[in-house]
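Notes follow the structure.
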Amino acid sequence: MLKMPNRDRKKSDTSVTKTFQHQALRVTVSPIIATILSLSPTWVAIAQQSPINLQPAPEITPQLPASSMRKAPSSGNQISLNGRTIPGAWLVKSGTYDQPIIYLSDGVFRQAIGVDFLNSNNPDRQPIKWFSSTTSPQVLVTQLQSGYRYLDITNFVQQASWQLQTNGNTLVIVTPQTQIKNIITGEQPLNPPGVNTIRENRIVVDLDRPTPWIVRQGLPIKQVQTPVADDPDAIAPKPAALPNREWTITLDAVADPTLIQRYNPTLPPTSLPTLLKQLFPTTPPTPDKLIQKVEVVNNQTILRLSVPFGWSPRVTTTDNPHRLMVEIRPDAMVERNIAWAKGLRWRQQFIHLGAERFPVVWLEANPRVVTFKPIWTTPETLIGTAPLIQTAQKYLALAAINGGYFNRNNRLPLGAIRRDTQWISGPILNRGAIAWNNSGQFYVGRLTLQENLIAPNNLRLPILFLNSGYVQSGIARYTPSWGKTYTPLTDNETILLVQNNEVSSQLAGGKAGQTPIPIPQDGYLLILRGTAGSAANQLPIATKVTLTSATTPADFSRYPNIVGAGPLLIQNGQIVLDAKAEKFSNAFIAEKAIRSGICTTATGTLMIAAVHNRAGGAGPTLTEHAQLMKQLGCVNALNLDGGSSTSLYLGGQLLDRSPNTAARVHNGIGIFWQQK
């Protein structure tokens, strides 16, 4: 969610430059060793952190004797790229003749450097394109460790003339200074049927050599409000079309001031009014202009673009000449089919529904090779939200997708979470859920949990909610899975402490949100809300109680892991969507939105998928989502939380969107290596 401002990479810093010149990476043994400094004794790579922490570039330590490199491999979770610090997992291992081999996690390699991954059926090799030919791509060796896929970049950095060294937890990378020779805009005919080019949609950036680049989605561009004619107090009408969105393309390169001036024209300050107009402009750039601004900041050139709603940049590179090619398209997503790891394939392509085309990104997972677990923000409590990328890294998941619903205000769960036979949070409103075991068996359906408190004299009290942020009149139960304490969610709750199957205390909850009540580790709290408060008279202190628990359908009880969301989309090959039966609102049912889904296929494969806005328009309706999942080959499918929550994670990166556009979520479903 945070932008990456950059630290200076000054040309005048000759001491750093000379240091790197003497420590440039080479393929022979001794020069490579000379680049690897300050090796850590740890071996397991530390998980990448997010969001980005901006810090000054670390100082370069003096060169260590070559013999110290052979003691132990090194690893870290931070990259200093041309002076700016970004998260990124890396490894240094000893190869043949103790020659160090540099590994970088593929997420940071793709998203911070601009390297494109080409299709592959071999999970041990990844062909790439970066200012190079697609006919003879460079192929990098892969290695999986601690939730990341690492790429051997030793030869890549040598060919690119990068200079590397390690400094504790940080891998320091300096790339050659690059010059932007030209920036050209124009119109490019597009091939999708029914799409006409109506404005500039193509940018060519000429470079004197390859350089890292990143593309980021920004905020909507505010439109200039024009008052009704001759009435300065009139309220301008709302625009008929959705506003353009800003996208930025940032290159580790500098452009000549005359080139910058071409896209940032200013008038000569010949008079005071003109000078004031320059200093305090009143007219913002027009959204119809593709390039809004070009600026050089800390030796980086930033192109700020105005992109129509439903369109986005497709960026490619060429090798001769070295160019960055940018096309603004309604179908900018590049189709991919990559065997990312054994038992885990990364797919993305456009799926057709009539005349509409939807970009779908999904992962195909083999349950005989990987396992699946519910994950949530903090294992010690159910209160809290975080970007999925953070939660997945905390659990060292290979891959993940956001899961069920939650209350954004109090950050509490609103649906079923069950892990390793333990109920973490109970289901609500008979909504759809997916259940599974560690043998690769899955079950989907609409889920209800019936808990009852049994007391003497045949007293039987229904417990409506378990560790839930869904608050209604009745009895709710809160266990240590909720956290160390429970703070009343409504006014005037009656709270019963149950320890060792006995009521040990009765408390008045008081005002909502004020007094936390400890949850006993050997029991739970019963929360009596509304008219259920009278039940406290039937449960005096020292009353012995027991619990019964059952699911409807009963099949759910056989599965140790469950995540609930809804609505249910497909069951046994048939679309069974009924959002009203699961008590979703009419507004939710009618909405066109980005969506997440999980499903199983006829061959037993599990798929997690993100569906984004259709080409040139909005996201799918629930009905369209069900149809899309069926076209993917789903036999049983469940809709997950969507919109800004939709996040598809793989090895340190989000595949389906820019991380800064993804909301914080409460829980998800993680994919892990199967424990033998």
Whether [Y] and [X] form a salt bridge (side-chain N of Lys/Arg under 4.0 Å from carboxylate O of Asp/Glu) is what I want to check.
| X | Y | value |
| --- | --- | --- |
| Arg262 | Asp256 | no |
| Arg614 | Glu624 | yes |
| Arg202 | Glu187 | no |
| Glu200 | Lys289 | no |

Min side-chain heavy-atom separation [X]-[Y] under 4.5 Å:
| X | Y | result |
| --- | --- | --- |
| Ile128 | Leu118 | no |
| Val315 | Asp116 | no |
| His322 | Asp208 | no |
| Leu655 | Trp362 | no |
| Phe372 | Ile598 | no |
| Ile671 | Thr371 | no |
| Leu91 | Gln143 | yes |
| Leu324 | Val204 | no |

Examine distances only and state if a side-chain atom of [X] and a backbone atom of [Y] form a donor-acceptor pair shorter than 3.5 Å.
| X | Y | answer |
| --- | --- | --- |
| Arg110 | Gly107 | no |
| Asn660 | Gln217 | yes |
| Thr135 | Ser133 | no |
| Arg125 | Ser120 | no |
| Asp206 | Arg323 | no |
| Asp656 | Val361 | no |
| Ser105 | Trp90 | no |
| Thr317 | Phe131 | yes |
| Gln111 | Leu654 | yes |
| Asn402 | Asp641 | yes |

Smallest separation among heavy atoms of [X] and [Y], with atom names:
| X | Y | answer |
| --- | --- | --- |
| Leu650 | Ala399 | CD1-CB, 3.9 Å |
| Ala618 | Asn613 | C-OD1, 3.5 Å |
| Ala565 | Gly404 | CB-CA, 4.0 Å |
| Ala89 | Tyr150 | CB-OH, 3.4 Å |
| Gln126 | Ile338 | OE1-CG2, 3.3 Å |
| Arg209 | Gln177 | CD-O, 3.6 Å |

Measuring from [X]:[atom1] to [Y]:[atom2], what's the distance to the nearest 0.5 Å?
| X | Y | atom1 | atom2 | result |
| --- | --- | --- | --- | --- |
| Asn201 | Glu327 | CG | CD | 7.0 Å |
| Leu638 | Ile669 | CG | CD1 | 7.5 Å |
| Leu251 | Ile180 | CG | CD1 | 5.0 Å |
| Leu290 | Thr185 | CG | OG1 | 7.0 Å |
| Asn119 | Arg336 | CG | CZ | 8.0 Å |
| Tyr148 | Ser75 | OH | OG | 11.5 Å |

### Task
Evaluate the criterion side chain to side chain contact (heavy atoms under 4.5 Å, CB included) for residue pair Thr301 and Thr250; output intermediate values, then yes/no.
CA-CA 6 Å; Thr301 297; Thr250 305; over 6 Å; no
### Task
Examine Arg357 relative to Phe350 and say whether NZ or CZ is less than 6.0 Å from the centre of the six-membered ring and inside a 45° cone about the ring axis.
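Yes, a cation-pi geometry holds between Arg357 and Phe350.
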### Task
Could you name each residue pair satisfying salt bridge (Lys or Arg N to Asp or Glu O under 4.0 Å) that touches residues 593-609, not counting sequence neighbours?
none
### Query
Which pairs count as salt bridge (Lys or Arg N to Asp or Glu O under 4.0 Å) when at least one residue sits in residues 133-150, sequence neighbours excluded?
Asp106-Arg149
### Task
Applying side chain to side chain donor-acceptor pair (under 3.5 Å) between Asp252 and each of Asn82, Thr211, Asn298, report the one that passes.
Asn82
### Task
Check whether the ring centres of Phe109 and Phe156 lie less than 6.0 Å apart, and answer yes or no.
yes
### Message
Is there a side-chain hydrogen bond (donor to acceptor under 3.5 Å, both in side chains) between Thr391 and Arg664? Walk through the geometry before answering.
### Response
CA-CA 10 Å; Thr391 303; Arg664 302 169 69 90; over 6 Å; no
### Task
Show the numbers, then the answer: is there a side chain to side chain contact (heavy atoms under 4.5 Å, CB included) between Phe672 and Tyr395?
CA-CA 9 Å; Phe672 302 83; Tyr395 285 81; 4.0 Å; yes
### Task
Please step through salt bridge (charged side-chain N to carboxylate O under 4.0 Å, His left out) for the pair Glu295 and Arg304, ending with a clear verdict.
CA-CA 8 Å; Glu295 56 185 335; Arg304 299 189 181 278; 2.7 Å; yes
### Message
For Ile375 and Asn667: C-alpha separation, side-chain torsions, deciding distance, then whether side chain to side chain contact (heavy atoms under 4.5 Å, CB included) applies.
### Response
CA-CA 6 Å; Ile375 58 177; Asn667 60 82; over 6 Å; no
Without placing hydrogens or testing angles, list every side-chain donor-acceptor pair under 3.5 Å for residues 628-637, not counting sequence neighbours.
from   : atom 1 : to     : atom 2 : distance (Å)
Lys630 : NZ     : Gly573 : O      : 3.3
Gln631 : NE2    : His352 : O      : 2.8
Asn636 : OD1    : Asn572 : N      : 2.8

### Query
With Thr601, which residues qualify under side chain to side chain donor-acceptor pair (under 3.5 Å), at least two apart?
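By the side chain to side chain donor-acceptor pair (under 3.5 Å) rule, Thr601 matches Thr603.
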## Note on the structure
Residues passing the side chain to side chain donor-acceptor pair (under 3.5 Å) test with Ser644, sequence neighbours excluded, are none
### Query
Given the rule in the side chain to side chain contact (heavy atoms under 4.5 Å, CB included) test, do Thr170 and Thr85 qualify, once you have shown the distances and angles that lead to the verdict?
CA-CA 9 Å; Thr170 302; Thr85 302; 5.8 Å; no
### Query
Who passes ring pair (Phe, Tyr, Trp, His ring centres under 6.0 Å) against Tyr405, sequence neighbours left out?
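Per chain and number, Tyr405 pairs via ring pair (Phe, Tyr, Trp, His ring centres under 6.0 Å) with Phe584.
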#### Entry: Atom NZ of Lys129 with >12 non-hydrogen neighbours under 6.0 angstrom
yes
### Ile173, Asp152, Leu151, Ile153 screened by side-chain contact (heavy atoms from CB on, under 4.5 Å) with Ile102, the one that passes
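Filter result, single survivor: Ile153.
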### Task
Look at the aromatic rings of Trp436 and Phe442 and report parallel, tilted or perpendicular, splitting at 30° and 60°.
tilted
